[in-house]
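Below is one structure; the comments refer to it alone.
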2 protein chains.
Amino acid sequence: MTDQPFRIAFLLYPGVTQLDFTGPAETLARMPGAALSFVAGSDAPIASDCGLSVLPTATFDDDRAFDMICVPGGPGCTEAMEDAATLDWLRRQATEASYVTSVCTGSLVLAAAGLLRGYRAACHWAWTDKLALFGATPVRERVVIDRNRITAGGVTAGIDFGFRVIAERCGRDIAEAIQLGIEYAPEPLSGGTPDSARPEIRDLVTAAINQRLADRHAAIDRIAARFAAG
Amino acid sequence: MTDQPFRIAFLLYPGVTQLDFTGPAETLARMPGAALSFVAGSDAPIASDCGLSVLPTATFDDDRAFDMICVPGGPGCTEAMEDAATLDWLRRQATEASYVTSVCTGSLVLAAAGLLRGYRAACHWAWTDKLALFGATPVRERVVIDRNRITAGGVTAGIDFGFRVIAERCGRDIAEAIQLGIEYAPEPLSGGTPDSARPEIRDLVTAAINQRLADRHAAIDRIAARFAAG
């Protein structure tokens, strides 16, 4: 580590799942030298998935460079996957950034930008398989590190992702100290993954996703077909 | 449950630790019937602890009623503990709300409003003992339920708190379904509590808190002395 700040940018877009970036932001803000930015297409407030709006601190046009970019997921990910300004910004940043990262369906946005082609990557469990349509190798793990791509599973996996990044850069002692500082000793109910969930709960959630999110499935398939053709 | 919305208000104040409320907001937003508000003294953006600013959706003056209020913690908690408008709003809401709740050092704000007198309550581990100065019984657990007061430990405990509230209101099946939806199967490093941390890490973090936050310790003691006298 040097005295240079480690500049981290979280991408923001309408319909982002806020915990996808607020979780890792809370951990990474405590990493020695970290300087966080929240970057969007304009400086207008961004409406997240759950009624909370947040303010960008920088825009694509600022043309600032970052050491790490992180793309969160959320209901708005399909629009982000087709937004030229978003994809351009990601591609520009990815050429210089030390780490190109994502949480949840943010991996699909990175993939749509062509930035996961040939990489192993994680995603929210309900969408992991879609990564293959963009030339990535889907991996059902909570955090996946492949060269400088670090990708995480669904929503809450972003917190574990944050600690993995801290451990990579600063070592395990610092990561554990920050973990103690924010009392990260979770006490989940059982069944937070498809494999560990009770079958009736898994079937309920899978059916709800397939019905409620049929449009998103179709949109991703359509984007992927253009991606493959292009 | 009825068809009435279940109105949840998160208190916002400058210097709030954003994960204290963004964690439970992400879980509770998925609870059937939930309607989330983010309430502050004015509608100006609120600067949180880690460079992210959020927009209130309601102010104290709106005089709206809520079924549940939740007070997050953070570096700004001592100012909140002495802010008359904040304490007035909490006391007014607490007379009607079904649940009066807090996460992390948000418990100290509830306590300063006199709303934990005679209740068992949790808090961030470094500040739990201070609750006794306000007539509460400090409990070192991740989530504590005492009648209609539900309080949580530090920062990330807010996510477990959210699921406990969902399980209380809607049953365990719904809580597990939402947990699967946001893939809550955490993989922490070891040592997220003082008891489970390696001694050298615990000593490092405790020393850092005691040195860096000596002012906050002094401020809370001063506020508590006035509380006891009043």
Side-chain angles (χ1 to χ4, degrees), chain A residues 17-19 21-23 25-30 35-38 45 49-55 57 104 124-125 142-143 153-157 159-160 163 167 172-173 175-177 179-194 196-198 200-202 204-205 208-209, chain B residues 17-19 21-23 25-30 35-38 45 49-55 57 104 124-125 142-143 153-157 159-160 163 167 172-173 175-177 179-194 196-198 200-202 204-205 208-209:
Chain A
T17 292
Q18 55 85 7
L19 191 56
F21 68 92
T22 55
E26 197 66 57
T27 64
L28 290 165
R30 289 164 164 78
L36 270 54
S37 295
F38 302 90
D49 64 325
C50 68
L52 183 71
S53 290
V54 301
L55 294 181
T57 61
C104 195
H124 186 290
W125 60 265
R142 198 142 173 95
V143 181
V155 193
T156 56
I159 297 173
D160 295 311
F163 285 115
R172 184 162 173 129
D173 283 6
E176 285 190 21
Q179 194 179 259
L180 179 56
I182 64 171
E183 212 166 326
Y184 191 48
E187 294 180 1
L189 305 170
S190 57
T193 65
S196 61
R198 284 185 284 142
E200 63 270 30
I201 301 291
R202 183 186 57 231
L204 182 82
V205 173
I209 287 177
Chain B
T17 292
Q18 55 86 5
L19 191 56
F21 68 92
T22 55
E26 197 66 56
T27 65
L28 291 165
R30 288 164 164 78
L36 271 53
S37 295
F38 302 89
D49 63 325
C50 67
L52 183 70
S53 289
V54 301
L55 293 181
T57 62
C104 194
H124 185 289
W125 61 265
R142 196 140 174 97
V143 181
V155 193
T156 56
I159 297 173
D160 295 311
F163 285 116
R172 185 163 172 129
D173 282 7
E176 285 189 21
Q179 195 180 258
L180 178 56
I182 64 172
E183 211 166 325
Y184 190 50
E187 294 180 1
L189 305 170
S190 57
T193 66
S196 62
R198 284 186 283 142
E200 62 271 30
I201 300 290
R202 184 185 58 231
L204 182 81
V205 174
I209 287 178

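Heavy-atom basis, side chains included; hydrogens, waters and symmetry copies ignored. Computed from a predicted model, the values in this text were never measured in an experiment. Below, read A as the first sequence line, B as the second, and so on, with proteins coming before strands; counting in each chain starts at 1.
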| request: Find out whether B/R198 and A/D173 are in side-chain contact, i.e. whether some heavy atom of one side chain is under 4.5 Å from a heavy atom of the other. | output: yes

| field | Any donor-acceptor pair under 3.5 Å from B/H124 side chain to A/G181 backbone | value | yes

| request: Work out which heavy atom in A/A29 is nearest to a heavy atom in B/C50; give both atom names and the distance. | output: CB-CB, 3.5 Å

| Between CD1 of A/I201 and CG of B/L180, what distance do you get to the nearest 0.5 Å? | 8.5 Å

| task | Give, as side chain, backbone, both or neither, the part of A/S190 having an atom under 4.5 angstrom from any heavy atom of chain B. | result | both

| said: Quick check for you: to the nearest 0.5 Å, what is the distance between A/L189 atom CG and B/E176 atom CD? | reply: 5.5 Å

| said: Looking at every heavy atom in both A/T17 and B/E26, which two are closest together, and how far apart are they? | reply: CG2-OE2, 3.5 Å

| query | Given B/R30 and A/D49, is the side-chain contact (heavy atoms from CB on, under 4.5 Å) satisfied, shown in steps? | reply | CA-CA 10 Å; B/R30 288 164 164 78; A/D49 64 325; 3.8 Å; yes

| task | State the CG-OG1 distance between A/L52 and B/T22, to the nearest 0.5 angstrom. | result | 8.0 Å

| query | A/E183 side chain to B/A157 main-chain N or O, any donor-acceptor pair under 3.5 Å? | reply | no

| field | Min side-chain heavy-atom separation B/S53-A/F38 under 4.5 Å | value | no

| query | A/V155, A/V54, A/I182: which one forms the most heavy-atom pairs within less than 4.5 Å of chain B? | reply | A/I182

| said: Are B/L19 and A/L19 packed together at the side-chain level, in the sense that at least one heavy-atom pair is separated by less than 4.5 angstrom? | reply: yes

| request: Might you point out which heavy atoms bring B/A177 and A/L204 nearest each other, and give the distance in Å? | output: CB-CD2, 4.2 Å

| For B/L28, is it the side chain, the backbone, both or neither that has a heavy atom under 4.5 Å from a heavy atom of chain A? | neither

| said: Heavy-atom pairs under 4.5 Å with chain A - which of B/A167, B/A25, B/A197 has more of them than the others? | reply: B/A25

| Between B/P45, B/G23, B/G154, the one whose heavy-atom pairs under 4.5 Å with chain A are most numerous | B/G154

| query | For B/E187, which residues count as a side-chain contact (heavy atoms from CB on, under 4.5 Å) partner, sequence neighbours excluded? | reply | A/R142, A/D160

| remark: Closest non-hydrogen contact found for A/Q179 with B/G191 is NE2-C, 3.8 Å

| Which atom of A/T193 lies closest to which atom of B/A185, heavy atoms considered | CG2-CB, 3.5 Å

| message | If I compare all heavy atoms of A/T57 with all of B/G51, which pair ends up nearest, and what's the gap? | response | CG2-O, 3.7 Å

| request: Answer with side chain, backbone, both or neither: which region of A/L55 has an atom nearer than 4.5 Å to a non-hydrogen atom of chain B? | output: both

